[in-house]
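Below is one structure, written out as structure tokens; the observations come after it.
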Protein chains: 2
Amino acid sequence: MSKSSSSLADLPVLQDEPVPCCPPITAGELSVEDSEKMAAMFKALADPVRLRLFSKIASHPGGEACVCDIQDVGVSQPTVSHHLRKLREAGLLTSQRRGTWVYYTVAPSVVAGMAAMLDLRG
Amino acid sequence: MSKSSSSLADLPVLQDEPVPCCPPITAGELSVEDSEKMAAMFKALADPVRLRLFSKIASHPGGEACVCDIQDVGVSQPTVSHHLRKLREAGLLTSQRRGTWVYYTVAPSVVAGMAAMLDLRG
DNA sequence: CAGAGATATCGACAGACATCGAAGCAGTGG
DNA sequence: CCACTGCTTCGATGTCTGTCGATATCTCTG
């Protein structure tokens, strides 16, 4: 169709910029603001279905997978879509439409940021 | 107090034993069982208040702190207690009474397990 | 033992969340 | 232009969770 309507394609991206976000949790008390940011990320992974979707994507070559490849996790397709959206909104995944299919990709720097935060050693 | 007295003492262990739990998320699809275990841990950190309590403890010397030292997070005392219990039930903290006070300690191996799971590289 | 301080548990409630079916939107192909 | 497939959005619903005040438990002290 004519112009690209606002959907999926032109979402607030969050592509893959380096997001340091938060220091290791041993580095001192988390600010209220940081704790809210981090909590949102952990919340995104705090569901078995999302965790399985995420692991399916992360373990695909290139950390990328089509929805059609991963949607067999025991819940309805709308529910899968809902969970993928949550993961995307948390910045852990990005999505991209290619023809008929939509591909979701892991955002490595964001995930690395979470891991870094859990680095004890202090 | 008829039943339901599952208090602190007779919890299903989870004390501090090394819990490898789960492989890195890139290592293949998570099993349903593993995804539930991990989701429970992430859920424990998926709240701003818990995250701040946890960071306060983790950043204390020895990764240990008295409740009285950390309970100033903007919610009531019962709520603090509730959150600490959640963290303990998830295996992220252990608790120990010393005289009048109760000390909570970070369970390093469990936290390390979560961090390891978020290790991309595949 | 009584009293006081530190934590934990209980019971209630409002808001958040996972889930579903139905409907909508976007490409593909006849 | 229409049917078809893949995915998202919508609206409803039951369950879970964070929060509080009240109260119970534990421990030290007088």
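The figures here come from the full heavy-atom set of this structure, side chains too, leaving out hydrogens, waters and symmetry mates.
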**Q.** Neighbours of DNA chain D within residues 76-83 of chain B, by heavy-atom distance under 4.0 Å
**A.** B:S76, B:P78, B:T79, B:H82, B:H83
Table of protein N/O atoms under 3.5 Å from nucleotides 27-29 of chain D N/O atoms:
none

Atom [atom1] of [X] and atom [atom2] of [N]: how far apart are they, to the nearest Å?
| X | N | atom1 | atom2 | answer |
| --- | --- | --- | --- | --- |
| B:Q71 | C:dA8 | CD | C1' | 12 Å |
| A:R85 | D:dC10 | CZ | P | 7 Å |
| B:Q96 | C:dT7 | CD | C1' | 15 Å |
| A:K86 | D:dC7 | NZ | C1' | 18 Å |
| B:D47 | C:dA16 | CG | C1' | 12 Å |
| A:F42 | C:dA16 | CZ | C1' | 20 Å |
| A:L53 | D:dT8 | CG | P | 11 Å |
| A:L84 | D:dG6 | CG | P | 16 Å |

Q.
Among D:dT8, C:dA18, C:dT7, which nucleotide has an atom closest to any side-chain atom of B:W101?
A. C:dT7
Q) D:dC20, C:dA18, C:dT7: which one has an atom nearest the side-chain heavy atoms of B:C68? A) C:dT7
Q: Determine: side-chain N/O of A:K43 to OP1/OP2 of C:dA16, distance under 4.0 Å, yes or no.
A: no
Q.
Strictly below 4.0 Å: does B:Y104 bring a side-chain N or O up to OP1 or OP2 of C:dA8?
A. yes
(Q) Count I, L, V, M, F, W, Y as connected when their side-chain heavy atoms are under 4.5 Å apart, and connections chain through other members. Are B:L87 and B:W101 then in the same cluster? (A) no
Quick one: list whatever passes side-chain contact (heavy atoms from CB on, under 4.5 Å) with [X], sequence neighbours left out.
| X | value |
| --- | --- |
| A:E64 | A:Q96, A:R98, A:Y103, A:T105 |
| B:A46 | A:F42, A:K43, A:A46 |
| B:D69 | B:H60, B:C66 |
| A:T79 | A:V75, A:S76, A:H83 |

Q. Can you check whether A:I70 reaches A:L84 side chain to side chain, under 4.5 Å on heavy atoms?
A. yes
Q.
Applying side chain to side chain contact (heavy atoms under 4.5 Å, CB included) to B:V32 and A:R52, what does each step give before you reach the verdict?
A. CA-CA 8 Å; B:V32 173; A:R52 282 168 64 214; 3.6 Å; yes
Q) Taking atom CG of B:L92 and atom OG of B:S109, what is their separation to the nearest 0.5 Å? A) 10.0 Å
Q) Are the side chain of A:R97 and the backbone N or O of A:G99 linked by a donor-acceptor pair below 3.5 Å? A) yes
